[in-house]
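Naming: A, B, ... by sequence-line order, numbering from 1 per chain.
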Amino acid sequence: MATGIQFNAVHHTYRPPRGKPVLALDGVSLEVKDREFMALLGPSGCGKSTLLYLLGGFLPVESGEISVDGKKVQGPGTDRGIVFQHFALFPWKTVRQNVLYGLEKQHVARPERARRAQAMIELVHLNGFEDSYPSQLSGGMKQRVAIARTLAVEPEILLMDEPFGALDAQTRALMHEELLAIMRRSPKTVVFVTHDVREAVYLADRVAVMSARPGRIKEIVDTRLPGGTNPEVQQSPEFAQKVEHLWQLVRDEAIKAQAQAGHG
Amino acid sequence: MIFRFLIRIFPLVLLAGLWEIAPRIGWINPEVLPPASAVASAWYGLLMSGDLVTNGVSSLINVSAGLALGIVVGMAAGVLMAWYPVVDALVSPLMKSLYPMPKSALIPVMILWFGLGAGSKIASIFMGCLLPVVLSSYNGARGVEQTLIWSALGLGASRRRVLWEVVVPGALPEIMAGIRNALAISFILLVSSEFLVGQRGLGYLISFLGDGGVYDAMFAAVLTVAAIGFFADRVYLFFMQRTLQWRE
Amino acid sequence: MSENPGYSAGEYGLMALRVGSIVAVLGAWQITAMAHVFSDFLLPPLSTVVMRLLHDLGPSSMTQLMEDLKSGNLLGLLGDIFSGELPRGIGLTLVRTFIGFVMAAAGGVAIGVAIARVPLARWFFDPLVSVGLPMPKVAFLPIFMLWFGVFDVSKVLMIAFSAVFPVIVEAWAGTQNIDKYMSWSALSLGVGPRRFLWEIALPAALPQVFTGLQVALPISLIVAIICEMQMGGQGLGGSIMTDMRFADSPGVFSGIVAIALVGMVLVKAMELVRRRLLIWHQETQAE
């Protein structure tokens with residue numbers, strides 16, 4: 001089923017309980033094609049995560065429109081699975097119980113959901129840890145549980161909010177490989193938020209660069225590379241060029257964002 | 001701002017209104033719950049007669065003495081325990097075993113030792129306040145980041161100076177939280193001990209009025225104590241937040 | 001084969017000091033008492049206090065016990081074993097403590113969760129809790145006595161009234177501060193609003209709610225004893241006051257030891273329950 005995402009002139013105002021309202025997103029328009037891996041790249045505070053949360057239906061769209069496959073987004077749904085930076089696992093449930101959760105909500109029959117949960121756990125290479133609690137797992141393992149849990153309900157769209165930001169560099173590199181392997185097996189539309197330029201170039205088909213607050217789309221860059229998604233492609237000159245290009249776009253915004261953070 | 005405050009306390013205003021009306025129209029037996037206005041005028045009477053002030057001062061002196069002693073000894077003990085392992089080994093088993101004991105049970109012993117006067121009350125309050133302050137001082141001091149201590153030592157401070165200039169200030173948030181706890185406990189022990197013994201203090205006044213059947217004044221005295229406890233906490237909170245302004 | 005180094009001499013020394021300090025205090029007690037540094041009234045010897053404890057623990061009538069033993073009257077036998085003054089007192093105090101505690105727990109959790117999720121409940125209860133929390137609730141004891149009499153009802157209600165506040169505060173905080181992203185994950189996995197409360201909000205709040213209960217139980221015991229001291233009616237608090245009035249200082253001291261032990265058992269029991277219930281919680285894991 002074709003699933004395109006359309007953002008149309010989306011504005012968003014952040015209203016803190018104490019203090020003045022702040023314009024977070026200023027008229028964002030964007031199209032994400034079906035089965036495309038789109039990265040949202042920008043400095044801290046640019047609103048990229050906010051855009052993701054609006055798409056996910058966790059924040060109400062006050063101004064503008066977001067539609068998925070022609071239908072307006074009305075709230076959270078199992079068609080848009082989400083993976084967060086700090087895992088957001090249910091700490092009182094085991095790995096297996098976490099992965100089963102969405103399947104239970106869908107009223108899948110018991111033997112079937114056990115099978116699908118197990119398949120997901122194996123997909124993320126966590127066999128043997130089915131009965132462990134999240135507090136017993138490392139950061140990388142927790143993130144894999146989160147991914148398994150989200151994929152278990154087979155969403156058409158995968159939303160990822162700086163999913164590897166809390167992991168150390170080595171684990172992050174390994175997770176890149178795993179994510180790409182999973183995407184090869186069952187391609188999905190992915191919207192991936194990050195502030196890491198290299199990660200964006202490596203993983204994504206296209207990268208939308210956002211400006212500092214209030215967030216706008218500055219430029220969209222195609223980052224598909226001749227070497228495909230092999231790890232070696234990161235050593236290629238084409239890769240370095242793309243990274244440099246994107247960094248130049250982001251750099252000024254990053255400086256602006258740093259100044260904003262000081263005045264809060 | 002004022003408007004928000006009014007909305008916030010409005011349920012209390014409603015309850016106060018209910019308190020006034022219900023006994024008057026017979027929903028509640030007015031002997032058992034005198035109307036708010038009767039209690040207010042009884043309060044005024046207590047104030048004018050001097051009973052409120054005399055007993056109030058007595059209570060405040062006792063609670064302050066017990067609390068102050070508890071804070072001084074508690075902080076010293078807690079910080080020293082955290083800093084010197086020998087002190088910790090000697091004192092902490094005692095602390096840990098005394099911790100779950102309800103300090104109110106010590107009131108009779110304090111009475112045996114210090115008689116029926118202020119001494120037993122102050123001693124009871126002291127005992128009750130001691131442990132929360134020790135515990136929070138201990139945890140606060142231990143919680144000071146090792147990196148801070150090492151930085152200070154590296155900059156040439158002696159161990160004793162580090163204790164005073166780094167550990168105590170670093171532990172202050174937790175110590176102050178423990179003192180807030182001790183404050184609440186001190187009032188509980190004050191009131192309980194004054195109920196049981198003595199010829200003075202607000203707790204005594206409440207019992208006295210209750211025994212004499214003067215219920216509107218009794219209610220007034222009870223609310224006075226409750227109010228003092230409440231405001232003491234609020235004032236302390238304000239003071240605590242000012243002192244700890246540097247905290248993020 | 002273990003790769004951990006053994007304890008150093010210094011560490012053994014500290015461990016010895018720990019054990020030693022309790023022994024030393026007890027020893028000092030006994031010696032000071034025997035040397036009559038203070039009168040027997042002020043400081044009865046440890047041995048006397050221990051004897052008194054054991055005496056009060058035992059059955060109140062050995063002859064009755066023997067009779068029931070001989071006649072095989074099991075129920076009577078059970079009653080006889082626990083007929084001593086101390087078991088009865090402990091039983092009474094504990095029953096009052098638990099009834100008050102359970103009321104405070106149920107009411108407190110319900111109110112706390114309601115405050116977090118229902119704006120009207122928050123508007124109504126917030127000022128009440130803010131004002132009530134720092135107040136010395138025992139000051140209201142004479143009012144409770146006026147309203148509910150001098151027997152168990154007023155004691156239990158006073159206990160519940162005192163213990164409910166920390167439970168409300170923790171239940172409120174626990175329910176309110178659930179990780180936003182975890183809630184969102186649950187929503188995107190398809191949970192409906194009704195099931196959300198039971199399946200997500202309450203389990204997530206459990207650690208903090210349980211902390212509130214761990215604070216509330218000792219409060220319940222403390223208030224139970226205060227009520228008993230003030231109102232009589234036997235129980236540990238009542239017996240201690242009676243002993244004090246009769247200048248029975250071994251009685252007072254043994255009563256304190258009994259209360260201390262009960263307090264210790266309750267706190268330990270709560271810790272064990274927490275460890276079992278919250279086995280998944282990261283603090284438990286960190287041990």
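Heavy atoms of other residues, nucleotides or ligands lying less than 6.0 angstrom from CZ of Phe148(C) number more than 12.
Here NZ of Lys180(C) is found 6.0 Å from OH of Tyr53(A). Values are rounded to the nearest 0.5 Å.
Ion pair Glu104(A)/Arg195(C) not flagged as a salt bridge, since none of the NZ, NE, NH1 or NH2 atoms sits closer than 4.0 Å to an Asp/Glu carboxylate oxygen.
At distances below 3.5 Å, not a single donor-acceptor pair connects side-chain atoms of Ser188(C) with backbone N or O atoms of Gly81(A).
Annotation for Met182(C) and Pro91(A): closest pair SD-CD, 3.7 Å, computed over non-hydrogen atoms. The minimum heavy-atom distance between Trp92(A) and Glu199(C), with the atom names listed, is CZ2-O, 3.3 Å.
Of residues 156-179 of chain C, those residues lying under 4.5 Å from chain A by any heavy-atom pair are Asp179(C).
For Leu206(C), no part lies near chain A; criterion is any non-hydrogen pair under 4.5 Å. Proximity to chain C (any heavy atom under 4.5 Å) is shown, for Leu159(A), by neither the backbone nor the side chain. In this structure, the portions of Phe90(A) lying under 4.5 Å from any heavy atom of chain C include both its backbone and its side chain.
For the options Ser185(C), Gly192(C), Pro207(C), heavy-atom pairs under 4.5 Å to chain A are most numerous at Ser185(C). Listed options Arg149(A), His86(A), Lys93(A) were ranked by heavy-atom pairs under 4.5 angstrom with chain C; first place goes to Arg149(A).
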Inset, instruction - Check step by step if side chain to side chain contact (heavy atoms under 4.5 Å, CB included) holds for Trp184(C) and Ile82(A). - result: CA-CA 9 Å; Trp184(C) 285 355; Ile82(A) 189 153; 5.5 Å; no
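Looking at heavy atoms from C-beta onward, Thr78(A) lies out of side-chain contact with Leu189(C) at the 4.5 angstrom threshold. Using a 4.5 Å heavy-atom cutoff, the side chains of Val191(C) and Tyr101(A) are in contact. In this structure the side chain of Phe87(A) never reaches within 4.5 angstrom of the side chain of Tyr181(C), judged on heavy atoms.
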